[in-house]
Amino acid sequence: MPVAGGTMERLTTLPGNHEVSLSPDERWLAIRYSYSNKPWELYLQENKPGSKPMQVTKSTTSDFDKYPWREPELVWFKASDGMDVPARLYRPAGSRRNGAAVVFVHGAGYLQNVHRWWSTYFREFLFHNFLADNGFTVLDIDYRGSQGYGRDWRTGIYRYMGGKDLSDQVDGAHYLAEQHGIDPGRIGIYGGSYGGFITLMAMFTAPGTFRSGAALRSVTDWAHYNHGYTSNILNTPLEDSIAFRRSSPIYHAEGFTQGNLLMLHGMTDTNVQFQDVVRLSQRLIELKKENWELAVFPMEDHGFVEPSSWTDEYRRIWELFWRTLR
C-alpha cells in the first residue's frame, strides 16, 4: 500500500511464512520462506503483484527430500471451559494406526507452534513423523498462555501455571479419544522446559489421563526460576506464596499414583538448573514412588549440543512410549 494511502496489493502468494527484505532500489524482494514441512530457504521476487518467487538456496539433502514429510493438520478442539484450542495433528496411515497417541507440549509457555511454517521445534517435527510412521497419532497444542491469541489467552495462566495450560492438554487427550478413536488408556505426553513442567503437572495432578510422560529439562519449583519470567505470571514467592506453591510440581509429587515417568536433564543447565530435578528425585524417593526414572546428561546445557545426546534422549522417549502405550 502506498505510504500516502490507497489500494492494498498482495505481493506474495505461497502459503507459509515470508520474512522479506526490500532491495535499495525497491525493485526486488529477498524472501526467507518456509512451509510446515519445508525448511527455510532464500527466494528472490520482483516487487510487483503477480510475480513469481525464484528459489536461490537449496539447503536440504537428497535423503531428506526422499522422505514424504507430513503436513500437520491445523485443528481446533473445544476446551472444558468452552474455549476453542488450536493444535497441530499428525495422523498415521490408516493401516498403521495402533490406537495410541502422544501429546506434545511446546516450551517457553509464551510461544506459538500451531502455524504453517518450519517450526523452531524441528527435531520434534521429525520425531512426530517417526511416531506417526509407527502408528501413533500426535497432537501439538497451543495451550493457554501461548503467543498469538490475544490478551485473555495469554493471561489465562496468571497466578496458576499448571491450571488452564494443563487442562488444555487434558482436553486434548479427550478430543483424541472422542474424535480420533484413540484408546484413552494409551495416551502419552512429553515436552521440554515449560513442556517438561506441564508433563510433570499432568502426571502429578491429572492421574489416569496420561499413561506415560517424558519430562525434559523441567522446572520443578518456580521459586528457583528466573525472576523476570515468573514475576510477570506468579508475582513473587514473598507476595504470592499460594501461586508459587500450587504451580510447582514438587509440591504435587504425592499425586503421582499412576503411569510411568521419565525425567531427562542436562547437568550443566544454566536455565532450569540441575538442582531442580535432583530435589524432585529426592522427593519421589521419600514418597516411595515407583515407575519413574531419571536420565542425566553430564555435558549438556538447557539446549543440547551434541548429536549423541539428542539421539540418546529421543531414543529413551521413544522406548518409553513404545513399551507402555503400544
Distance in Å, [X] [atom1] paired with [Y] [atom2], rounded so as to fall on 0.5 Å steps:
X	Y	atom1	atom2	value
Gln55	Leu42	CD	CG	9.0 Å
Gln273	His224	CD	NE2	9.5 Å
Thr120	Gln112	OG1	CD	10.5 Å
Leu234	Met161	CG	CE	5.0 Å
Asn232	Thr155	CG	OG1	12.0 Å
Tyr251	Thr205	OH	OG1	16.0 Å

Problem set entry | Lys289: partners by side-chain hydrogen bond (donor to acceptor under 3.5 Å, both in side chains), with sequence neighbours left out |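 Counting only residues at least two positions away or on another chain, Lys289 forms no side-chain hydrogen bond (donor to acceptor under 3.5 Å, both in side chains).
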Test item: [X] side-chain N/O and [Y] main-chain N/O as donor-acceptor pair under 3.5 Å:
X	Y	result
Arg97	Pro92	no
Trp222	Thr230	no
Trp153	Tyr143	yes
Arg88	His115	yes
Thr60	Asp65	no
Ser146	Tyr110	no
Arg186	Arg326	yes
Trp310	Phe304	yes
Ser34	Trp40	no
Arg10	Thr12	yes

Is atom [atom1] of [X] surrounded by more than 12 heavy atoms (other residues, nucleotides or ligands) closer than 6.0 Å?
X	atom1	answer
Lys52	NZ	no
Leu74	CG	yes
Glu286	CD	yes
Leu238	CG	no
Met299	CE	no

Exercise. Taking only residues two or more places apart in sequence, or in another chain, which ones meet Glu73 in a salt bridge (Lys or Arg N to Asp or Glu O under 4.0 Å)?
Worked result: Arg91
Do the side-chain N and O atoms of [X] and [Y] include a donor-acceptor pair separated by under 3.5 angstrom?
X	Y	answer
Thr270	Asp301	yes
Tyr149	Asp142	yes
Ser80	His174	no
Thr61	Asp63	no
Lys38	Ser36	no
Tyr225	Asn271	yes

Are the charged groups of [X] and [Y] less than 4.0 angstrom apart, N to O?
X	Y	value
Asp240	Arg246	no
Lys48	Glu9	no
Lys164	Asp168	no

Exercise. Aromatic rings Tyr175 and His180: how do their planes relate, parallel, tilted or perpendicular, breaks at 30° and 60°?
Worked result: perpendicular
Exercise. Relative to each other, are the rings of Tyr90 and His128 parallel, tilted or perpendicular (30° and 60° limits)?
Worked result: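 Perpendicular: the ring planes of Tyr90 and His128 meet at over 60°.
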Problem set entry | Leu176 vs Phe77, side-chain contact (heavy atoms from CB on, under 4.5 Å): CA-CA, chis, key distance, verdict | CA-CA 9 Å; Leu176 289 169; Phe77 63 87; over 6 Å; no
Exercise. Would Val85 and Lys78 satisfy side-chain contact (heavy atoms from CB on, under 4.5 Å), going step by step from the backbone distance to the final call?
Worked result: CA-CA 6 Å; Val85 182; Lys78 191 71 69 174; over 6 Å; no
Might you point out which heavy atoms bring [X] and [Y] nearest each other, and give the distance in Å?
X	Y	value
Ile317	Leu216	CD1-CD1, 3.9 Å
Ala101	Leu325	O-CD1, 3.8 Å
Val105	Gln169	CG2-OE1, 3.6 Å
Val219	Phe197	O-CB, 3.7 Å

Exercise. For Tyr190, which of Phe104, Phe210, Phe136 qualifies under ring pair (Phe, Tyr, Trp, His ring centres under 6.0 Å)?
Worked result: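 Exactly one pass, corresponding to Phe104.
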Exercise. Any chain of hydrophobic side-chain contacts (each under 4.5 Å) joining Leu111 to Tyr158?
Worked result: no
Problem set entry | Check: Phe127 ring centroid to Trp318 ring centroid under 6.0 Å | no
Problem set entry | Worked verdict on Arg283 versus Asp221 for salt bridge (charged side-chain N to carboxylate O under 4.0 Å, His left out) | CA-CA 12 Å; Arg283 183 63 181 146; Asp221 187 345; over 6 Å; no
Exercise. Who passes ring-ring contact (aromatic ring centres under 6.0 Å, His included) against Phe125, sequence neighbours left out?
Worked result: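 In terms of ring-ring contact (aromatic ring centres under 6.0 Å, His included), with neighbours along the sequence ignored, Phe125 is linked to Trp69, Trp118.
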Exercise. Tell me, which pairs form a side-chain hydrogen bond (donor to acceptor under 3.5 Å, both in side chains) where one or both residues lie in residues 191-202, sequence neighbours left out?
Worked result: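 Pairs touching residues 191-202 that pass the test: Asp165-Tyr194, Ser193-His302.
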For this session: Might you work through the side-chain contact (heavy atoms from CB on, under 4.5 Å) test for His265 and Val272, ending with a clear yes or no?
Result: CA-CA 9 Å; His265 213 113; Val272 181; 3.7 Å; yes
Exercise. When clusters are formed from ILVMFWY side-chain contacts under 4.5 Å, directly or step by step, what else is grouped with Tyr35?
Worked result: Leu11, Leu14, Val20, Leu22, Leu29, Ile31, Tyr33, Tyr43
Pairs under 3.5 angstrom only: tabulate donor-acceptor contacts from the side chains of residues 255-262 to other protein residues two or more places apart or in another chain.
{"unit_1": "Asn260", "atom_1": "ND2", "unit_2": "Arg211", "atom_2": "O", "d": "3.3"}
{"unit_1": "Asn260", "atom_1": "ND2", "unit_2": "Ser212", "atom_2": "OG", "d": "3.2"}

For this session: Please lay out, stage by stage, how Glu124 and Leu131 fare under the test side-chain contact (heavy atoms from CB on, under 4.5 Å).
Result: CA-CA 10 Å; Glu124 289 74 9; Leu131 286 171; over 6 Å; no
